[in-house]
Amino acid sequence: MSEFSLACPAPLAERERVLMAHGGGGRLMRELIERLFAPRFSPEHETDAALLALGAKRLAFTTDSFVVSPPFFPGGDIGSLAVHGTVNDLAMMGAEPVALSAAFILEEGLELDVLRRVADSMAAAARAAGVRIVTGDTKVVERGRADQLYITTSGVGVLIHDGELAPWRVAEGDEIVLSGDIGRHGMAVMSAREGLAFEPEILSDSAPLHREALGLLRHGIRVHCMRDLTRGGLASAVIEIARAGKADIELEESRIPVREDVRAACELLGLDPLYVANEGRFVAFVAEGDGGRAAALLPGGTVIGRVKKPGAGAVTLRSVIGATRMLDLLSGEQLPRIC
Amino acid sequence: MKHLDEYRDAARVRGLAAELRRVAKRPWRIMEICGGQTHAILRFGVDQLLPPGLELVHGPGCPVCVTPLELIDKAIELAFRPGVVLASFGDMLRVPGSRTDLLSARARGARVAAVYSPLDAVRLAEMRPDEHVVFFAVGFETTAPGVALALKRARQALIFNFSILAAHVLVPPALRAILGAPGNRIQGLLAAGHVCTVEGYVDYEPIAREFRVPIVVTGFEPADLMLGLLMCVRQLEQDRAEVENQYARAVRREGNPAARALVREIFEPCDRNWRGIGRIPMSGLRLRREWAEFDAEQRFPLETGQVQESALCISGLVLQGAKRPVECPAFGRECTPDHPLGAPMVSSEGACAAYYRYGRQHV
């Protein structure tokens, strides 16, 4: 008998390839960052953007790639998303976005009209966000080597405060404020991708968040940490902050707004809205006593939970019937169920 | 979704739980058959509100979990064939076969498409006339009508680059196998509301009589589950063993006759291997001879090599309710959703996945 039985359930070779789950915002992606990238590069903290001090000015610097398929979906497109995503990463650091770069990877054969529409949408999104796209790059790859177009945007912003917004600043008693209802972007893209027609159509929540986020700081809210909700949804964002900040977090399910159409679509597909993607929502961890005021400053703001510190990074959810359960990162993206 | 809120109302659920505590005088062991119910119980924390003596045992109602290893291997083999696209529900993609799973196979070049319904797979075949689309037809009585409909549509539209790998299973034969097993400890059953929507519950009546177990057809919301348990315990306390219907808003005794007729027109019962459980007579569905042209196993003769489960995985015992996921020595150690040894750890209806996901590692 050879040592390598064919029945071996998980040969190592399988693990040595990139899987979709490595980009899904869950545990496998964490693993990739922690084991492959972090030891080779020098990220200082686990935040949405890096802080750079240039003379007296403090800057935030970030980058993000966009590969959404299809490029146009209800409520947005890959262009507006590429602007909002990077603007939001800067905003989460408490920085006023100043300038973006945009790099395009285009598939041979892409209709120029598609590119024109995407560029128009980027320009409009940048204008609306008050940020300039100042430099860029274009590469073309052979047909079949990419899916229409990919965009990478990088951005710099100027910090409007003297402190640092990061998970380590999260403190005992902090209130967690959610800026609006969750799950819209993920369901909008899924409906466009899979041709699922929800009636009425669910629109993506894709939007720039810097006005809302910086508004909290400008109104004197004692903000300790902010995070925009992206791929892994609300649950993943909160879990990552709890772990990085060595805090325990309690969330109240009944206080987390999910629109009825989003909830219905999630029920149908067996998805948990807590893990569905957003592109225009964030959570702010604010000092005890500031939660109500912070929520009132945000259009759909609600206090959804509380921090206990020191903690082990555990996130508990009080369910709608008053029982509790733990929230954990998912392996990769959620897959729709059978029945 | 106001309709849903009604069944998630905390006061209502707690009222039912209080009534259940009053009614339950002795300890009872009840199995919820469906993995969707297992997940709802753990997700909402229904189990935290139960009287101390009432033990819930998780059943085999996870179609992905009971799909035999050799069929998953066949699906993967098909996905690697030139010119073939394997279409599957997303749920199935992470489930380990004997060597790999469909997502890892895709990373190595196999052609695998996730679809939301069998009709999507037919549409895929229509859009790609030069390729052959095989739909991995997994599921209980619930999904069989959709597959039957897809096959009719394919034949009507003359789409012949389409076939199915049939892995359908039926609940009643599995119940007989579990209740009839030596040392069975299950005293009452919650039947899966969705399955009964299609098939009704006439077939459950002789099972309740023969094995002296109450069976309550139950829905999936916290209030449904609590009421289903209350009805079941009431029967046990009164020494009754009948079939009752908690899920009357969706289920009729005779089910959905049109859907049943459709399934019978295209499928016939056959013996089937259940992963971890073994061969159960007449517990599966295969295509009738008149539909053989849509049978992937006929169109693509496949070699089934010898297959072997992980020696560590006890998913068979978990699926039969004999062990709880946390009683498995590999749970959360060698076996996690990232590196699963058995199907129940990755399926969205798997009991192990539910325990892991909802943080019940230490219960």
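Throughout, protein chains are lettered first and strands after them, A, B, ... in sequence-line order, and every chain is numbered starting at 1.
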Heavy-atom proximity to chain B below 4.5 Å, by part of A:L317
neither
Contact between [X] and [Y] at the side-chain level, heavy atoms closer than 4.5 Å - yes or no?
X	Y	result
A:I321	B:R12	no
A:M326	B:Y356	no
A:T324	B:Q48	yes
A:R17	B:R106	no

How long is the straight-line distance from [atom2] of [Y] back to [atom1] of [X], given to the nearest 0.5 Å?
X	Y	atom1	atom2	answer
A:E267	B:E221	CD	CD	5.5 Å
B:S348	A:L269	OG	CG	11.0 Å
B:D338	A:L329	CG	CG	9.5 Å
A:D272	B:H39	CG	NE2	11.5 Å
B:Y358	A:L327	OH	CG	9.5 Å

Heavy-atom proximity to chain A below 4.5 Å, by part of [X]:
X	result
B:V346	neither
B:L42	backbone
B:P337	both

Got a sec: does the NZ of A:K309 have more than 12 other heavy atoms crowding it under 6.0 Å?
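Enclosed.
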Charged tip of B:R357 within 45° of A:Y275 ring normal and under 6.0 Å
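Yes, B:R357 sits over the ring of A:Y275.
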